[in-house]
Structures are given as structure tokens and as C-alpha cells.
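Okay, handing you the structure first.
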Amino acid sequence: MNILVTGGAGYIGSHTCVALLEAGHTVIVADNLINSKAETLERVMQITGKDIIFYQIDVTQAAAVETLFAKHSLDGVIHFAGLKAVGESVDKPLAYYYNNIVSTMVLAQACQKYNVPRFVFSSSATVYGENKVPFVETMKLLPTTNPYGETKAISERILTDVVNANPQWSVALLRYFNPVGAHESGLIGEAPTGIPNNLMPYIAQVAKGKLDKLRIFGNDYPTVDGTGVRDYIHVMDLAEGHVVALARMSAGVSIYNLGTGQGTSVLELVESFVAANGIEIPYEIVARRPGDIAKCYADVTKAKKELNWSTTRNIMDMCRDAWGFEKNYKD
Ligand code: NAD
Ligand code: UDP
């Protein structure tokens, strides 16, 4: 299939490009490189030995998007492009609402106009808000605590309404849990600018000596050891989930949790990193981070049953590959 990957130079997008190319698809990337580098796409081509067609465009710009759709006969779109920093979204709500929602609308419109049958959307477990774990696709969504989360919930609603009006269209809303790790080659991975907000890249930078110690946000949650619990998923498992969803999606909206179904606490992740890589991670316990929930993990029954997809990589693999990329990575 000819697949347009928006945000394909980014963290999850680039790993998905690898999985798509390895599955024999033709990949066209649209990315404005606001949070990524073109060099990542060269590395994807190096890993796979296959070419990518690249457009450096902003996918909120309808004219540029239409030019691309007119040129390529697309079988599907995977829409990763978006801004994703939760804290920044509180300070810059307009930038987040504009970029994340307008891009979804422009791409949906182009799919309608050019009869592109499949649309896969990067949603997030954040749309479950403070529901009870494990999160199930049928749960009523609760308000999220920040504009970023709202952009995901609103985009899901827009796409659902478009399908209601056009029931022959196929949309998959993929709710990611916590993607971590990197491609096994160590050539591509997560390279946040500045000090990382997320746990795994922070740990990896402590391991490298770029940061002095990890600050663990709270040890008084109602969890196994008091620290926050998340469902970490290896980014290559997540990438492969997209390839499977594309192949199996049918008319209408389908919603899938992409996670492992296993919760891991902050302290457990630190211990796994130390065991996988033999590097000590100094840490201190500090106050809770505002907006954090105690536990977030998926019920993965639906993806297993309907997509015949489940994860194959464990926490040790995630820690090994996160470090494999970090130790090679040069700012
Ligand atoms: P990323 O920032 O690494 O990748 C996003 C890419 O989109 C970047 O390459 C950026 O340059 C590009 N981009 C942003 N706005 C654009 C625009 N208007 N036009 C063209 N390109 C644009 O982020 P990621 O971690 O790979 O996340 C991919 C998607 O998955 C995002 O939609 C994100 O919200 C969602 N998601 C991520 C996580 C996570 O923890 N990483 C969790 C749940 C959902
Ligand atoms: N966390 C932490 N220190 C950090 C970053 C994160 O203790 O420097 C904790 C955070 O409180 C949460 C877990 O690690 O319990 C995962 O956080 P992350 O930001 O990676 O993911 P999210 O909270 O968005 O699910």
C-alpha cells in the first residue's frame, strides 16, 4: 500500500516507517521538522535499505497537503504529526489546539476529497482521564487535565463524526500507553530537546552522565511501592501495531488500546534499567508532579482478539534499547 505518514521523522513515526517499509509498503512522509531532523529518515533508509519519499510541509496547510494527495495515489494515512509536550500545552494552548486539531481536519478533508480509504490516528491513553484501571476502549472518556489531552479527545470526536456521515470510511483511533525504547540498531530513538519530561529518556540521560540524578515524583501513591505506575510499550511493538491495524481495519471507527496490559512502577523501571545495562541510576524522591495519576495501564483484550496483535518485547528489552540509542546519540 502507499501510506502517507505525517510526523514520520518523529519518534514513533520513524519507527513506524521502519515497520511499514519492512512489511513492503511504500512510505511517503510529511513532516515540517518542528521537533525532528531529516537525518532520522536517512537512518530509517539505512536500517531498511529502502527509500522514503519526503515532503517538508506543515500538514495544517491545506494547499500543501492537497498537492501531495493529488500527486500520490494513497491507500492510507497514519497521522502522527502533532505537538506533544503536556506542560507546554498549558502555556501555549492555542498553538496546541491549532496544530493538533487543524492538522486532523485538513487531512480528513483531503482523504474525503481524494477517496483515501484508511486513516489511522495517534491518540493517547490520556483520553481516559481518571477512569479506573485497566482502561478499556468502551469506557466513557473523562476530562483530561491539559490542552494536549483535549486535542486528542477532540480529534477522536471529529473523526468519529466524519465516519458517522461517511460510514464507508475506515478510521482507527489508536490509544498509545507509554512508548519507550528504540530500534534495536541504536540508530533511531527518542531524542527530546532540552531536559526530558518523560521518565525513560530522563533515566537514559542520567545513565550517560548528562543529568546528575533522577527525581521521582512522589512515593505516596496507592501503588505497589508508592511510585506511579504506567504501561510502558516498546516503540517497535507500537510501530508494528500500526502495520497490523492498517491491514485489518474495516469500515467505521475502530478504537484500540496499544499497550502491554502490564503496569510498571517508577522504581521497578529504574531497577530494570540497572539490571539490563549494569549502570547505577542515582535518584531522590521529590513531591508529586501536578496532574499525574497514580496508575495507567491498558486492557489489551480487544487488540489481541480483533487485530491478533500483542507485544513481544519486555521491560528489559525496552531498557536495553533505550540505552543502546542514548549511548550512541550525539546532540
Ligand atoms: P514527535 O514530536 O517525536 O513526532 C511528531 C512529529 O510531527 C515531529 O517530527 C514533528 O516535526 C512533526 N510535526 C508536528 N507538527 C507538524 C505539522 N503541523 N506538520 C508536519 N509535521 C509536524 O512525537 P511522537 O512521540 O513521535 O508522537 C507522535 C504522535 O503520537 C503525536 O501525535 C503524539 O501526540 C502521539 N502520542 C505520543 C505519545 C508519546 O509518549 N510519545 C503518547 C501518546 C500519543
Ligand atoms: N516520572 C518521575 N520523574 C521524571 C519523569 C517522570 O518520577 O523525571 C514519573 C511520573 O510521575 C510518572 C511516570 O514517571 O509516574 C511516567 O512519567 P512520564 O512523564 O514518562 O509519562 P506520563 O506521566 O505522561 O504517563
Side-chain angles (χ1 to χ4, degrees), residues 1-10 12-14 16-17 19-21 23 25-36 38 41 51-84 94-124 150-176 239 242-243 245-256:
M1 291 196 273
N2 290 338
I3 306 298
L4 171 64
V5 182
T6 77
I12 307 171
S14 58
T16 303
C17 287
L20 286 166
L21 290 166
H25 298 295
T26 298
V27 172
I28 299 123
V29 165
D31 198 307
N32 63 0
L33 304 181
I34 196 170
N35 196 34
S36 54
L41 295 175
D51 286 339
I52 287 177
I53 304 162
F54 175 49
Y55 291 84
Q56 187 174 344
I57 57 168
D58 181 333
V59 293
T60 63
Q61 303 295 310
V65 167
E66 285 214 17
T67 305
L68 187 159
F69 274 64
K71 213 160 165 185
H72 299 276
S73 172
L74 297 174
D75 299 293
V77 174
I78 308 183
H79 180 31
F80 291 107
L83 302 175
K84 64 161 182 179
L94 267 179
Y96 273 69
Y97 282 114
Y98 189 86
N99 197 64
N100 293 5
I101 293 171
V102 174
S103 61
T104 303
M105 288 173 54
V106 163
L107 289 159
Q109 225 155 16
C111 285
Q112 298 298 299
K113 184 163 171 187
Y114 290 88
N115 290 317
V116 178
R118 297 171 192 81
F119 193 94
V120 176
F121 178 66
S122 295
S123 190
S124 164
E150 288 306 295
T151 68
K152 293 298 174 191
I154 294 169
S155 292
E156 284 201 4
R157 271 206 305 278
I158 291 171
L159 292 167
T160 304
D161 287 343
V162 179
V163 170
N164 288 339
N166 304 274
Q168 78 293 348
W169 202 35
S170 301
V171 169
L173 306 175
L174 304 184
R175 294 179 180 159
Y176 311 156
H242 289 73
V243 179
L246 258 184
R248 297 199 170 223
M249 61 199 287
S250 52
V253 176
S254 21
I255 306 176
Y256 295 107

Exercise for review: Without swapping roles, check the side chain of T104 against the backbone of N100 for a donor-acceptor pair under 3.5 Å.
Suggested key: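 It does hold such a pair.
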Review point. Between T151 (side chain) and Y97 (backbone), is there a donor-acceptor pair under 3.5 Å?
Key: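 It does not hold such a pair.
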Review point. Can a donor-acceptor pair be found between the side chains of S122 and Y176 at a distance below 3.5 Å?
Key: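 Looking only at side-chain atoms, Y176 and S122 do form a donor-acceptor pair, the distance falling under 3.5 Å.
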Point to revise | Spacing of CD1 belonging to I28 relative to CG belonging to L20, to within rounding of 0.5 Å | key: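 Between I28 CD1 and L20 CG, I get 10.5 Å after rounding to 0.5 Å.
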Check your understanding: Can you check whether H72 and Y114 have ring centres sitting under 6.0 Å from each other?
Key ->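 That pair fails the under 6.0 Å test.
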Review point. How far apart are the closest heavy atoms of G8 and L41, and which atoms are they?
Key: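 The answer is O-CD2, 3.6 Å.
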Review point. Is the ring centre of H242 less than 6.0 Å from the ring centre of Y256?
Key: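 For H242 and Y256, the ring centres are not under 6.0 Å apart.
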Exercise for review: Using a cut-off of 6.0 Å, state whether more than 12 heavy atoms not belonging to M105 lie near its atom CE.
Suggested key: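 No, CE of M105 has 12 or fewer neighbouring heavy atoms, counting only those of other groups under 6.0 Å.
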Review point. Counting N and O atoms only, with roles assigned by atom type, does the side chain of R118 sit under 3.5 Å from a partner on the main chain of V77, one being a donor and the other an acceptor?
Key: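 A pair under 3.5 Å: no.
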Point to revise | Interatomic distance, I154 atom CD1 to I101 atom CD1 [nearest 0.5 angstrom] | key: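 That separation rounds to 4.0 Å.
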Practice item. Determine yes or no for a side-chain-to-main-chain donor-acceptor pair under 3.5 angstrom, with N99 supplying the side chain and A95 the backbone. Key: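 No, the answer is negative, given that no donor and acceptor are paired below the 3.5 Å cut-off.
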Review point. Q168 and A251: which non-hydrogen atoms are nearest, and at how many Å?
Key: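 Taking Q168 first and A251 second, the nearest heavy atoms are O-CB, 3.8 Å.
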Check your understanding: So, for S36 and A9, which heavy atoms are closest and what is the spacing to 0.1 Å?
Key ->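 Looks like CB-O, 3.3 Å.
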